[in-house]
> 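Starting off with a structure, shown below.
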There are 2 protein chains.
Amino acid sequence: MTIADVAAHAGVGAGTVSRVLNNSPRVSPTTRARVLAAIEALDYRPNPLAQGLSRGRCQTLGVVVPFFTHASAIERLRGIVAALDGSRYDLVLFNVESPVHRDEHLATLTRRDRADGLIVMSLPPPPASIERIVRAGVPIVLVDARAPGVPTVVTDDVEGGRLATRYLVELGHERIAFIGDDHDNPLGFVAGREREQGYRETMAAAGLAVPDGYVGHAPHVRGAAREVAARILDRPDRPTAVFASSDSQALGVLEAARAAGLAVPEDLSVVGFDDIEVSGYAGLTTVRQPLYESGRLAARLLLDVLEGRAEPEPREHRLELELVERTTTSPPGGRTSVAGRGRAGGHSVRDRVSEER
Amino acid sequence: MTIADVAAHAGVGAGTVSRVLNNSPRVSPTTRARVLAAIEALDYRPNPLAQGLSRGRCQTLGVVVPFFTHASAIERLRGIVAALDGSRYDLVLFNVESPVHRDEHLATLTRRDRADGLIVMSLPPPPASIERIVRAGVPIVLVDARAPGVPTVVTDDVEGGRLATRYLVELGHERIAFIGDDHDNPLGFVAGREREQGYRETMAAAGLAVPDGYVGHAPHVRGAAREVAARILDRPDRPTAVFASSDSQALGVLEAARAAGLAVPEDLSVVGFDDIEVSGYAGLTTVRQPLYESGRLAARLLLDVLEGRAEPEPREHRLELELVERTTTSPPGGRTSVAGRGRAGGHSVRDRVSEER
DNA sequence: ACTGTCAATGGAACCGCTTCCACGGTCGCG
DNA sequence: CGCGACCGTGGAAGCGGTTCCATTGACAGT
């Protein structure tokens with residue numbers, strides 16, 4: 001079933017069939033009808049490979065995502081899928097687990113023949129890669145990562161760290177610990193570090209001490225965070241609150257608290273970051289970042305460029321953070337009065353049940 | 001950067017470069033070295049579109065997944081990604097939200113030029129589609145769906161329904177309700193119906209009545225299940241246990257119970273199905289199906305065929321179900337003795353914390 | 001020394017589509 | 001009525017690979 005078959009069946013040339021397929025105006029209505037009939041009769045579909053080769057693009061969007069296993073990545077991907085739905089672009093997934101992996105994928109994606117556009121998540125690509133991709137004319141959008149000269153969709157992670165910490169401070173906590181990502185993670189994620197910076201700034205501004213050992217680092221998984229948290233909770237000057245730089249880690253803290261026989265929030269308040277799906281069930285107070293929305297926006301930006309509705313603009317699109325207050329936080333010692341709650345509520349939002357997924 | 005450039009640079013013909021690229025033995029070591037040097041020097045990478053067109057395949061695996069938004073689909077996708085990692089196949093995602101959607105995608109996937117192999121999830125494809133795909137020589141594996149003549153990866157959903165119901169019966173429950181999917185869902189999922197069948201069989205075998213209205217149907221989302229559950233819990237002959245045909249729905253039941261002021265498990269036991277990630281946090285007793293593993297197995301089967309390690313065999317690969325006992329179940333009226341627990345434990349597994357994701 | 005064989009290689013044909021170019025036929029206009 | 005413009009169309013070239021086929025040269029056998 002090739003274009004030649006259709007042409008023969010319709011008694012026209014191959015070029016004409018192609019013009020019909022591509023909605024060229026340079027075809028008479030009569031001919032167009034004949035060709036369409038032939039297409040219908042033969043159940044013909046153009047070969048996307050041949051189209052791609054000939055046109056120099058492939059109707060495909062590449063999504064480079066580190067740790068496809070992370071809940072936040074999934075949430076973003078959902079947004080991307082939603083945005084792509086109805087467009088004529090396919091979605092190709094590139095999972096990245098190591099720097100080698102990353103460089104390999106980015107290298108193959110340097111040209112228009114693998115993907116017409118790129119969304120890179122959480123991963124600051126090496127400047128050299130960026131430069132090659134941009135020079136090759138492949139539009140790219142970074143999500144949750146920054147690089148000069150390319151459009152990005154980000155949140156202000158430092159501010160997020162401040163938001164969470166300030167909330168705990170206003171609740172009356174003074175001994176506030178932090179658990180975050182390792183600083184020297186091989187793929188160069190910076191969100192954890194920035195959230196930590198916000199924490200440190202706020203603590204300093206409030207005149208609160210951050211003793212040695214109040215800041216723990218662990219890989220971005222629950223189990224590791226639990227162990228680090230267990231150590232912190234075992235200190236003589238046990239904190240009354242912990243801010244974890246991701247919800248996964250916060251859940252690890254909750255487990256550690258349970259294991260240590262601590263009541264949450266009476267003995268220990270816990271704040272997370274991200275607001276992944278689980279957090280609602282766990283009743284976790286957290287800094288919500290619009291994960292789904294970030295994916296959707298990135299995909300839209302890319303589609304706008306690909307479909308000629310916009311120029312690529314190296315803008316930073318900043319999405320807002322929002323503190324969601326649930327049941328893992330209270331003033332130290334537990335909720336004492338309704339008034340206490342109102343006070344801290346100034347910057348926050350009560351949980352609205354997220355519905356229908 | 002084309003093969004001709006490399007050929008010129010190495011002082012050989014294009015055919016020779018191609019042979020080097022494809023590890024043909026028909027190249028002298030000297031020439032091979034020169035070509036490799038040229039490839040290195042020019043940082044040449046073959047155009048996958050051209051390769052695909054020429055070879056008639058495209059190094060791509062298509063995954064057709066209904067409701068990418070469902071937790072169970074994600075879990076399976078994780079398994080697929082893991083299995084594909086290291087292979088030279090890219091993963092293209094086709095999200096399906098409606099029958100039209102489905103037929104459209106399946107139609108374009110009928111040929112080797114879009115995907116070399118297909119994994120279809122939870123979706124019984126129309127027999128005509130299957131036939132066309134098979135005839136076109138595109139290997140296909142169904143996950144969580146059956147069709148004659150193609151390999152499938154499934155679980156025994158009827159047995160799963162029995163497992164959950166029997167567990168409740170053995171705990172001493174007599175008024176057991178069921179909440180499942182709508183029977184006439186447009187995409188033709190059957191798992192919900194089969195689980196219901198297992199439920200009904202077991203109830204009948206135990207001589208227990210299933211009053212009208214004890215069986216509720218709702219779309220596969222939490223909110224809908226909550227409402228249906230609320231109605232059931234409002235009955236004068238309120239059940240002491242509910243078996244929900246998915247964890248998402250079970251979580252809806254838990255919400256309804258909370259809203260009705262019922263204590264779980266004292267006033268109401270709840271069992272789900274799937275064991276998605278959230279369930280561990282929610283403490284939900286559930287029938288675990290190996291979601292991740294099912295994706296991985298499907299991808300492996302496909303790769304084995306594509307890489308010539310196996311013949312396509314229309315076998316049904318059945319994965320085992322397992323009851324995971326957590327904290328949403330107890331004998332009616334609440335846990336009364338340790339002995340009571342041991343009795344029901346025969347078919348089940350205590351929760352092992354699922355770690356490190 | 002001559003010939004048959006075979007390994008190494010260059011080059012053409014082909015994969016199926018898009019697009020450019022050229023050509024015939026209308027049509028409008030002077 | 002004649003000429004140029006332009007529309008509709010067929011066909012060829014090209015996209016960048018793979019693969020087949022033919023050619024060349026080395027080598028072995030007689």
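Reminder, nothing fancy here: chain letters follow the sequence lines and each chain counts from 1.
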> Measuring from the side chain of Ser18(A) (C-beta onward, heavy atoms only), which nucleotide among dT9(C), dG8(D), dT19(C) has the closest atom?
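Ranking dT9(C), dG8(D), dT19(C) by closest atom to the Ser18(A) side chain puts dT19(C) first.
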> Salt bridge check: are Asp113(A) and Arg57(A) linked by an N-O gap of less than 4.0 Å?
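A salt bridge is absent here (no side-chain N lies under 4.0 Å from a carboxylate O).
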> Would you mind reading off the distance between Arg112(B) atom CZ and dT18(D) atom P, rounded to a whole angstrom?
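Arg112(B) atom CZ is separated from dT18(D) atom P by 16 Å.
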> Could you give the CZ-to-P distance, from Arg26(A) to dC21(C), as a whole number of Å?
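In whole Å, dC21(C) P and Arg26(A) CZ are 14 Å from each other.
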> Taking only Lys NZ, Arg NE, NH1 and NH2, and the carboxylate oxygens of Asp or Glu, determine whether Arg315(B) and Glu313(B) approach each other closer than 4.0 Å.
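No, Arg315(B) and Glu313(B) are not salt-bridged.
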> Tell me: CZ of Arg114(A) to P of dC15(D), nearest whole Å?
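To the nearest whole Å, that distance equals 21 Å.
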> In whole Å, I'd like the distance from the CG atom of Leu53(A) to the P atom of dT18(C).
11 Å
> Go nucleotide by nucleotide along DNA chain C from the 5' end; which of Pro29(B) and Arg45(A) gets its closest nucleotide reached first?
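Checking each residue's closest nucleotide, the 5'-ward one belongs to Pro29(B).
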> With nearest nucleotides of DNA chain D determined for Arg19(B) and Pro46(B) from heavy-atom distances, which residue corresponds to the more 5′ nucleotide?
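Comparing both residues, the 5'-ward one is Pro46(B).
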> Find out whether Val12(A) and Val20(A) are in side-chain contact, i.e. whether some heavy atom of one side chain is under 4.5 Å from a heavy atom of the other.
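With C-beta onward as the side chain, the pair stays apart.
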> Hey, does the side chain of Ser28(B) come within less than 4.0 Å of dT9(C)'s phosphate (OP1/OP2), counting only N and O?
yes
> Map Thr30(B) and Ala50(B) onto DNA chain C by nearest heavy atom, then report which one ends up closer to the 5' terminus.
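So the residue in question is Thr30(B).
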> Quickly work out the Leu21(A) CG to dT9(D) P distance and round it to whole Å.
15 Å
> OP1, OP2 of dG16(D) versus side-chain N and O of Gln51(B): anything below 4.0 Å?
no
> Please determine if a side-chain N or O atom of Asn22(B) lies less than 4.0 Å away from the OP1 or OP2 oxygen of dT18(D).
yes
> Describe the nucleic acid contact of Val17(A) in one word from base, sugar-phosphate, nothing, applying a heavy-atom distance below 4.0 Å.
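Answer is nothing: Val17(A) stays at 4.0 Å or more from every strand.
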> Less than 4.0 Å between a side-chain N and a carboxylate O, is that true for Arg318(B) and Glu316(B)?
yes
> Over how many whole Å does the gap from Ile3(A) atom CD1 to dC15(D) atom C1' extend?
15 Å
> Measure the distance from CG on Asn47(B) to C1' on dC17(C) and round it to the nearest whole Å.
14 Å
> Checking contacts here: which listed nucleotide (dG8(D), dG16(D), dC17(C)) is nearest the side-chain heavy atoms of Thr31(A)?
dG8(D)
> Can you tell me if Ser54(B) touches the phosphate of dG16(D), counting only side-chain N or O atoms and a distance under 4.0 Å to OP1 or OP2?
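Answer no for this pair, as no side-chain N or O of Ser54(B) is under 4.0 Å from OP1 or OP2.
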> Atom CZ of Arg55(A) to atom C1' of dT18(C): distance rounded to whole Å?
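Atom CZ in Arg55(A) sits about 8 Å away from atom C1' in dT18(C).
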> Between Arg111(B) and Asp116(B), is there a side-chain N and carboxylate O pair less than 4.0 Å apart?
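Looking at Asp116(B) together with Arg111(B), the answer is no, because their closest N to O distance does not fall below 4.0 Å.
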